[in-house]
Structures are given as structure tokens and as C-alpha cells.
Number of protein chains: 2
Amino acid sequence: MSIQEPRTRIQRKNHQAILEAALEVFARSGFAAATLDQIASEAGMSKPNLLYYFPSKEAIHLTLLSQLMDTWLDPMRDIDPDGEPVEELLAYVRRKLQMSREMPRESRLFAHEIIQGAPHMGPELETVLRPLVMEKAAIVADWSAAGRIATVDPVHLIFSIWSLTQHYADFDVQVRKVLGPGRDPWDEAAAHLETLFGRMLAP
Amino acid sequence: MSIQEPRTRIQRKNHQAILEAALEVFARSGFAAATLDQIASEAGMSKPNLLYYFPSKEAIHLTLLSQLMDTWLDPMRDIDPDGEPVEELLAYVRRKLQMSREMPRESRLFAHEIIQGAPHMGPELETVLRPLVMEKAAIVADWSAAGRIATVDPVHLIFSIWSLTQHYADFDVQVRKVLGPGRDPWDEAAAHLETLFGRMLAP
DNA sequence: CGGATTTCTGACCATGCGGTCAGGAAAGAC
DNA sequence: GTCTTTCCTGACCGCATGGTCAGAAATCCG
């Protein structure tokens, strides 16, 4: 695919610059509307040079997606079965919201891909995402059964957390236009979600 | 723009067929990736004939978006200030979820547009959406102040309802892959959201 | 019927795109 | 230094796409 393990300094630097630029452009315009010229320009190099490092537009996109999947799921991996249930879940919400706040481009890239029907990530959704969700859902189900949190459908609880946190990244424009100037969506979201999930989960 | 008021039967029929086909294609692929040939083919006509009814790809997209905005907000318009607060809001959630369920293509079209930064709907968000949200938020704030529902940020409550209901349409693929076969996302979502907002709003 | 109007089509064009290629410039090895 | 490898570029190609146009069908209207 691309140059396997960047050896030289130059390779590492350009490899990185391309991925960074591509993230920006793909997140802004989606895969189809993004052009290699835009990415190359954003990365400060010529199109042929860009294609010296990656064999195709698709390859860049794929690299980005698979790199993303990992970091994107980290907040969920950190849910601790031995922690205090409500606090553990609220902490997850906080981590997820913070991630959306700090990585809105990644969130949008993901959103583009899923809305399109996940044409490039179909398999990984089942091999990586699903098992992890099942594992964590089981933990939540246990907490629920033990009466340590209110009764919930664990998987849909997770969907709710994804939906609400990513909403503020993906629909940022809408949120800001409705709130009007002078309000900080993210700070307000943090407080709101704390309340929402607090009430939802209280045993 | 397009043929203003379709007079003949043929015009009405083809006009409609084009919009229906375009909705399908735009929702599936997004604006940039959609092609006039696809839309024409889906509508059962030739590309030049399609362009006899609409002057450009953009015009079709715009027509679709502005038509959509109206129906999309209907469930919110029906919130009744004189109704029983909790039930009124839960009914809104139900209407919104049902709309996402029955019109997932419209939901995705909308999502595409907003993620891209709402390049075609910027104004309408402020002139149509914002005032309506403000109006309904005021009602919710009153209910809140009167102790008839729990204390909530009204606007973020509305965001939450949008986010959660549309999630099941926009991220349908992901939801289904995680849930696995044999489970009905929509029925489960209905129950889950009933619980979630019930607990959130109980005074 | 016949003429006017609407509806439709095949052929075409200009543009922008992803990707290639031959070879020049830098950088590294000795 | 010189030779080799890596890095980079301008010019180019084939193709798909949005859109045009001259005119053929079909429909409407008397």
C-alpha cells in the first residue's frame, strides 16, 4: 500500500503532513468532494509528490480510518468493571465528550463514513467494534442487575453516549447557529450531559 | 430556477420523480459524489431531459433541502404549551423518532449538509430554525421554572432529542452491525428513549 | 386533420479529476 | 569529490462529469 515503515526523517515528516492535511480536507468535504490537489496543497507539496508517498486517494483515506478506529475507542476501553458504576460511566461520558471536542475532524470523518454505509469499514465494525461493545455492555448489565445503576439497555446506553457526544462535533454549525454567539457549546454540553446521564443512571 | 409551478400532468409527475430519485441518490452518496446520470437513471429518464426540468444539480439539491426543512420541523411545532409537560415532551420524542424511522433518507440528506458546514442552508438555520427553537425552549423553561418538569437547559434538551432520534437513521449501519441480526433497532430505541427522557424530565 | 407547443434525445463540449512518467534536484554513502 | 539512492516536479493522459444544443417525438389544441 503506502511506504511501509517510514525510515528516513523526510519520509516520516511528509507521511505525517499528508495524513494531517487529508484529515482536514476529508473531514471538511467528505471523500468524494475532496481532491488530491487540495490535500497536496494543504500539505505543502505537489500532487505527484503526494502520490510518491501514497499510491492513491483511497489509500490515504483507509490509513486515516484504521488509525482512527483505535484511538476513537480508547475512552470506552477504559471503563473499569471494578470501579464505582455511576462514576465510571459518567467518566466515560466526560472522556468521550472531551475527545469529540479536541478531535472534531476525526469525528466528522467517521460520521461521513458511517452515513455513507461504511463502505470502507464494514468488516472492522464487526471484528473490532462489536466485540468491544458487547464486553462493556456485559459489565453495564451486571451493574444493572446488581442494582448499582438503574435498569437500562446497555447497548443503547452506549449508543446514546456516542450520539450525544459526537453530535456537538458533527453538527457544530447547527448548534452554534441555534445557540447564538457568546455561548460555549462545549461547556454547556458538559454540564447538560452530566445531568442527563446522572438522572438516567441513578439507582 | 426550476419550472416554477408545474402545470401539466407530465410536469408534475417528472418533477416529483426527479426529486424522489435525487433524495435517494443524495442521501446515499452526498452531494458531491452523486451524479446527474445516477439521478436521471433512478428517475427513469435521460440526463438532458432531467435538465429540462431543473437547471442544475445544485437547484435540485436546494429544492430538496428547502422542502425538507418544513416537514422536518413539524414535530417540534406541535409541542403544546398548554399540554401536560412531561407527556408533551415524550410525545415530541416519539414523533421525532417516528419521523427518523420513516424518513431516514431525509435525515441523512440533512446530516450531510450540516456536517459539511451547511453551505446551502446557513441563512435558513438562523431565520427559521433558531426562532422556532427559541420559542419552544421558552415553553420548556417555563415548565421547568414552574416545577412541572425537572430542571434542564431547554435548548440542550432539544439538541439531545434531535441527536438521539436522528442517530438511529444516520448511523443505521453501525447500529445494526453492533446489535447483530434479529434485533429491531427502532423498537428498542423507542423503549430506550422513553426511559431516558422519562427519568431526565420527571419533576 | 394540421399546426403550435411541450417533451425528449443523441451527440457533443469544456473542465476537473485521479493517476502516470521521464527525468531533474537533493541528500546520503564512501 | 563521485556515485547511488531518495525525493520531487512539469507535462501529460484517459476518463467521468455537469451542462449545452439542434432537432426529433410526442402531445395538445383548433
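A quick note: this is a predicted structure, and the numbers were derived from the prediction, not measured. A note on names: the letters A, B, ... follow the listed sequences, proteins ahead of strands, and every chain is numbered from 1.
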Atom [atom1] of [X] and atom [atom2] of [N]: how far apart are they, to the nearest Å?
X	N	atom1	atom2	answer
B/Ile39	D/dT17	CD1	C1'	12 Å
A/Ile18	D/dC7	CD1	P	11 Å
B/Lys13	C/dC8	NZ	C1'	12 Å
B/Leu50	C/dT9	CG	C1'	13 Å

ring-ring contact (aromatic ring centres under 6.0 Å, His included) contacts in which one or both residues fall within [range], not counting sequence neighbours:
range	value
residues 25-49 of chain A	A/Phe26-A/Phe31, A/Phe26-A/His61, A/Phe31-A/His61, A/Phe31-A/His120
residues 160-188 of chain B	A/His156-B/Tyr168, B/Phe159-B/Trp162, B/His167-B/Phe171
residues 73-105 of chain B	none

Base, backbone or nothing for each nucleotide of nucleotides 10-20 of chain C, written B, S, -, heavy atoms under 4.0 angstrom, 5' to 3'?
-> B------SBBB
Check whether any side-chain nitrogen or oxygen of [X] sits under 4.0 Å from OP1 or OP2 of [N], and answer yes or no.
X	N	answer
A/Tyr53	D/dC8	yes
B/Gln11	C/dT7	yes
B/Tyr52	C/dT7	yes
A/Asn14	D/dC8	yes

Could you give all pairs that pass the salt bridge (Lys or Arg N to Asp or Glu O under 4.0 Å) test and reach [range], with sequence neighbours left out?
range	value
residues 43-57 of chain A	A/Asp37-A/Lys47
residues 114-137 of chain B	none
residues 59-70 of chain B	B/Asp70-B/Arg77
residues 110-122 of chain A	none

Any luck finding a side-chain donor-acceptor pair between B/Gln16 and B/Glu20 under 3.5 Å?
-> no
NZ/NE/NH1/NH2 to OD/OE distance under 4.0 Å, A/Glu87 and A/Arg94 |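 So A/Glu87 pairs with A/Arg94 through a salt bridge.
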Under-3.5 Å N/O pairs linking protein and nucleotides 27-30 of chain D:
from: D/dC28; atom 1: OP1; to: B/Arg9; atom 2: NH2; distance (Å): 3.4

